[in-house]
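Have a look at the structure below, then the notes.
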Amino acid sequence: MGRPVIVLSNNDGCAIARSNEAKELGVKMGQPWFQIQHLQEEAGLVALSANFPLYGDMSDRMMSIAAGLGPGQEIYSIDEAFSDLSGVQGDLTRRAQAVRARVLQWIGIPCCVGIGPTKTLAKLGNHVAKSAERKPGSYPAEFAQVCNLAALPESDLDALLKATPVGEVWGIGRRIEQQLQAEGVSSAYDFVQLRPSTVRKRWSVVLEKTLRELQGEACISLEESAAPRKQIACTRSFGRPVTELDDLIEAVSEFAGRAAEKLRHDGSHAGQVLVFIRTSPFRQAPQYSRTSVTPLIRPTADTMHITLAAIQGLKSIFAPGYQIAKAGVMLLDLQPQSVSQGELDFGEESAIPDDRSQLMMTIDKLNQRYGKGIVHAAASGTQGERRVWTMRQLLKTPEYTTMWSDIPIARA
DNA sequence: TCTGGGGTCCTAGGACCC
DNA sequence: TCTGGGGTCCTAGGACCC
């Protein structure tokens, strides 16, 4: 409180969250750490490495309190949820203020509530509530913390729309904001005056929905149960450039294992494995960016099958002589385990044996209990076919022990 | 001289969101 | 020297198939 604080991305690469005081120092969203490091000494800037498990835990607690707003809840992101207030009796503004106070008291997190007849208007209300609280003068102070657009006379709503730059509207990003500006549309109010058919013709059906929502016509429904994910990714930037295939194989194997773990957590099977490698777009060196998709013989959640497919894909796109800055594995063509194991019979020999599934479960439990990556698949380019399980002694030490052995994998 | 229509798959990239 | 990660949806061209 009262101090400039930022949270840094992976590798402590750049600022991904800033306190108001840090914003006042001029720290930009996504700004590289090396450009602002000097502010540590000069202005007392506090920089912290991100701790996503902690944020997930805080989020869970906040969401359960926020669920008291109304009967239906859609958890939209780690720090946002939509609530369905239809049928809720009494003064909605006061109800929201009470929930907000409870979150602050129980969790210590300040939050804001926006209320409106559509999701896009509720998001706008939230933007008004947050800005009125944190940037005095941006909107009338009476809207701070909780802003109920549904309870507003039309003239007041128009005034708020006029005070809102069109780029602040949910669904309008940088590019479309520029295009709208070029057509003389600069505020949310200007945008609301457009005709849906015009927006559809000039831009897209997606932006047309945003417009209709802003005009009060609900086009985006509340999704109470999360739809199953369509892809799972594990990607990382490297601390220093990587040039050797063996090093990439090791990294990609790790990503594949991590992605497979998420896949098993979701109870899904993957049909395809995507691998990519690329150089840094910020450097003045030869650029290289390749992607490959490897189909799996049979949809699976087995780390070994997924890792082997990832390595095969990697080998097909690798080219020597480039400073690779980032790589990643994505699992595609996801389907519920029940579907790929269900009525479709692929034959006994191609199914994952039970001991393999148990091995995967055991590995997941070990990693959950002792820390991510404690147990993972080893894959060595030079060792070729010999792939066994290894144990990393401690996640935070760069060295880890590899136990090469010829013990059958299930027994190991 | 005149040179179709309808698919899929793969790769790449652009736009948006958090 | 050092520049994040994880998602969704949409579009488009080339290769290939019938």
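Side chains are part of it too, since the values below use all heavy atoms of this structure and drop only hydrogens, waters and symmetry mates. Lettering follows sequence order; numbering is per chain, from 1.
Minimum atom distance to the side chain of Phe34(A) is reached by dC2(C), of the listed dC18(B), dA15(B), dC2(C). Picking from dA15(B), dG7(C), dT3(C) the nucleotide with the shortest atom distance to the side chain of Pro32(A) gives dT3(C). You'll find that the side chain of Gln231(A) is closest to dG7(C), out of dG7(C), dA15(B), dT3(C). Of all nucleotides listed (dT11(B), dG7(C), dC18(B)), dG7(C) comes nearest to the side chain of Ala233(A). With dT8(C), dG6(C), dC2(C) as the candidates, the nucleotide lying closest to the side chain of Pro241(A) is dC2(C). In this structure, the nucleotide among dC2(C), dG6(C), dG4(C) sitting nearest to the side chain of Cys234(A) is dG6(C). Between dC17(B), dT3(C), dG5(C), one nucleotide has an atom nearer to the side chain of Phe282(A) than all others, and that is dT3(C). Which of dT3(C), dG5(C), dG7(C) sits closest to the side chain of Thr235(A) comes down to dG5(C).
Protein atom CE of Met330(A) is 15 Å distant from nucleotide atom P of dC9(C), rounded to whole Å. The separation between His127(A) atom NE2 and dC17(B) atom C1' is 16 Å, rounded to whole Å. If you measure from atom CG of Leu332(A) to atom P of dG7(C), you get 11 Å, rounded to the nearest angstrom. Atoms CD1 (Ile176(A)) and C1' (dC17(B)) sit 12 Å apart, rounded to a whole Å. Counting to the nearest Å, the P atom of dG4(C) and the CZ atom of Phe238(A) are 13 Å from each other. Whole-Å rounding puts the Leu274(A) CG to dC9(B) C1' distance at 14 Å. To the nearest angstrom, C1' of dA15(B) lies 13 Å from CG of Leu180(A). To the nearest angstrom, C1' of dC18(B) lies 13 Å from CD of Glu74(A).
Atom CG of Asn367(A) is separated from atom CD1 of Ile363(A) by 7.5 Å, given to the nearest 0.5 angstrom. Note that OG of Ser59(A) is 5.0 Å distant from CD1 of Ile78(A), once rounded to the nearest 0.5 Å. Taking CD from Glu80(A) and CG from Asn126(A), the interatomic distance works out to 6.5 Å, rounded to the nearest 0.5 Å.
Proximity of Asn11(A) to the phosphate of dG4(C): no side-chain N or O atom is located under 4.0 Å from OP1 or OP2. Under 4.0 angstrom from either OP1 or OP2 of dC10(C) there lies no side-chain N or O belonging to Ser204(A). Close to dG4(C), at under 4.0 Å from its OP1 or OP2, lies a side-chain N or O of Ser237(A). Contact annotation: Lys123(A) side-chain N/O to dC18(B) OP1/OP2 distance is under 4.0 Å. Within the 4.0 Å cut-off from OP1 or OP2 of dC10(B), at least one side-chain nitrogen or oxygen of Gln272(A) is found. Between Lys326(A) and the phosphate of dT3(C), there is no side-chain N or O to OP1/OP2 separation shorter than 4.0 Å. Residue Thr291(A) places no side-chain N or O under 4.0 Å from the OP1 or OP2 atom of dT11(B). OP1 or OP2 of dT3(C) has not a single side-chain nitrogen or oxygen of Arg283(A) nearer than 4.0 Å. Close to dT8(C), at under 4.0 Å from its OP1 or OP2, lies no side-chain N or O of Arg229(A).
Nucleic acid contact for Lys262(A): sugar-phosphate only, since backbone atoms but no base atoms lie under 4.0 Å from a heavy atom of the residue. As judged by a 4.0 angstrom heavy-atom cut-off over every strand, Trp33(A) is placed among residues making no nucleic acid contact. If you check every strand for non-hydrogen atoms under 4.0 Å, Ile232(A) touches sugar and phosphate atoms only. Residue Phe52(A) is out of contact with every strand shown, counting any heavy-atom pair closer than 4.0 Å. When heavy atoms are screened at a 4.0 angstrom cut-off, Arg290(A) is found touching the sugar-phosphate backbone but no base atom.
The gap from the C1' atom of dG4(B) to that of dC17(C) amounts to 15 Å, rounded to the nearest Å.
With pairs defined as Watson-Crick or G-U wobble and both atom distances under 3.5 Å, the stems of at least three pairs that touch DNA chain C come out as B:5-18 with C:5-18.
The environment of Glu42(A) atom CD is dense: over 12 non-hydrogen atoms of other residues, nucleotides or ligands sit within 6.0 angstrom. Residue Arg3(A) qualifies as open at atom CZ: its count of foreign heavy atoms under 6.0 Å is 12 or below.
Where Lys230(A) and Gly13(A) each meet DNA chain C at their nearest nucleotide, the meeting point lying more 5' is that of Gly13(A).
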**Study point:** Phe191(A) vs Ile172(A), side chain to side chain contact (heavy atoms under 4.5 Å, CB included): CA-CA, chis, key distance, verdict
**Key:** CA-CA 11 Å; Phe191(A) 182 59; Ile172(A) 299 180; 3.9 Å; yes
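Taking the six-membered ring for Trp and thresholds of 30 and 60 degrees, Phe82(A) and Trp170(A) have ring planes inclined between 30 and 60 degrees apart. Taking the six-membered ring where tryptophan is involved, the planes of Phe255(A) and Phe238(A) are essentially parallel, since the angle between them stays under 30° and well short of 60°.
With salt bridges taken as basic N to acidic carboxylate O contacts below 4.0 Å, none links Lys209(A) and Glu213(A).
Of the possible polar contacts, none joining the Gln178(A) side chain to the Arg174(A) backbone as a donor-acceptor pair under 3.5 Å is found.
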